[in-house]
K.L.:
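Take this structure, written in structure tokens, and hold onto it; I'll ask about it next.
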Amino acid sequence: VQLQASGGGLVQAGDSLKLSCTFSGGTFDHYNMAWHRQAPGKEREFVSAIPTTGVGAFYRDSVKGRFTTSRDNAERKLFLQMNSLKPEDTAVYYCAADYSISSVERNPQYWGKGTQVTVSS
């Protein structure tokens, strides 16, 4: 399985950004998918996950109501719509995949290369 996140950039606080993740090398709709992020000097943290069906996405508290995760199983893509961005959202964002919904949140088997999101105040 290969994953590649894209769509990051430099934005101002309050702006929106949509990240994408392309999936290859496996059967996309067999995998639960997640977004994680790592800010400078901090450990990587879970952001959001979405089950194989695309129903029932869940989020860390700090992004609830601002971020929306979705997936297109036909296109084999994962998305993260980020609204009302804050400087504390600045991080490298990674997409991840695992057969297990609990593992994709805690310790995914597959990681993609990240995309940098920088939010200026």
K.L.:
Quick check for you: to the nearest 0.5 Å, what is the distance between Q81 atom CD and R66 atom CZ?
P.N.:
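One finds 12.0 Å between CD of Q81 and CZ of R66.
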K.L.:
Can Y94 be reached from L78 by stepping across I, L, V, M, F, W or Y side chains whose heavy atoms are under 4.5 Å apart?
P.N.:
no
K.L.:
Going by atom types only, do D29 and T52 share a side-chain donor-acceptor pair under 3.5 Å?
P.N.:
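Short answer, no.
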K.L.:
Quickly, which of Y59, W35, F58 forms a ring pair (Phe, Tyr, Trp, His ring centres under 6.0 Å) with F46? Name it, please.
P.N.:
F58
K.L.:
First locate atom OG1 of T115, then atom CG of L17, and finally report the distance between them rounded to the nearest 0.5 Å.
P.N.:
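Going from the OG1 atom of T115 to the CG atom of L17 covers 8.0 Å.
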K.L.:
Given side chains that start at C-beta, do those of H36 and P108 come closer than 4.5 Å, heavy atoms only?
P.N.:
yes
K.L.:
Taking the inter-plane angle between the rings of H30 and Y99 on a 0 to 90° scale, is it parallel (under 30°), tilted (30 to 60°) or perpendicular (over 60°)?
P.N.:
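Plane angle between 30° and 60°, so tilted.
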K.L.:
If you measure from SG on C95 to NZ on K77, what distance do you get to the nearest 0.5 Å?
P.N.:
12.0 Å
K.L.:
Under the side chain to side chain contact (heavy atoms under 4.5 Å, CB included) criterion, do F23 and R71 qualify, and how do the steps go?
P.N.:
CA-CA 11 Å; F23 176 102; R71 63 189 292 163; over 6 Å; no
K.L.:
F67 vs Y93 aromatic rings, parallel, tilted or perpendicular, using cut-offs 30° and 60°?
P.N.:
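Rings of F67 and Y93: tilted, as their planes differ by 30° to 60°.
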K.L.:
Quick one: SG on C21 to NZ on K113, what's the gap to the nearest 0.5 Å?
P.N.:
13.0 Å
K.L.:
How long is the gap from CZ on R106 to OG on S100, to the nearest 0.5 Å?
P.N.:
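With rounding to 0.5 Å, CZ (R106) is 8.5 Å from OG (S100).
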K.L.:
Which atom pair, heavy atoms only, marks the closest approach of A49 to I101?
P.N.:
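The answer is CB-CD1, 4.4 Å.
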K.L.:
Between R37 and V63, is any pair of side-chain heavy atoms under 4.5 Å apart?
P.N.:
yes
K.L.:
Is the shortest side-chain N to carboxylate O distance from D89 to K86 below 4.0 Å?
P.N.:
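Looking at K86 together with D89, the answer is no, because their closest N to O distance does not fall below 4.0 Å.
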K.L.:
How far apart are the C-alpha atoms of T90 and Q116, what are their side-chain angles, what is the distance that settles it, and do they pass the side chain to side chain contact (heavy atoms under 4.5 Å, CB included) test?
P.N.:
CA-CA 8 Å; T90 295; Q116 175 71 47; 4.0 Å; yes
K.L.:
Are the side chains of V119 and D15 in contact, using a 4.5 Å heavy-atom criterion?
P.N.:
no
K.L.:
State, yes or no, whether a side-chain contact exists between V11 and M82 at a heavy-atom distance under 4.5 Å.
P.N.:
no
K.L.:
Shared ILVMFWY cluster between W111 and V104, side chains joined below 4.5 angstrom?
P.N.:
no
K.L.:
Examine V1 and I50 and state if one hydrophobic cluster contains both, with Ile, Leu, Val, Met, Phe, Trp and Tyr joined whenever side-chain heavy atoms are less than 4.5 Å apart.
P.N.:
yes
K.L.:
Would you call N32 and D98 a side-chain contact if the rule is heavy atoms closer than 4.5 Å?
P.N.:
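No, too far: nothing below the 4.5 Å cut-off.
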K.L.:
Please round to the nearest 0.5 Å and tell me the distance separating atom CZ of F79 and atom CG of D72.
P.N.:
5.5 Å
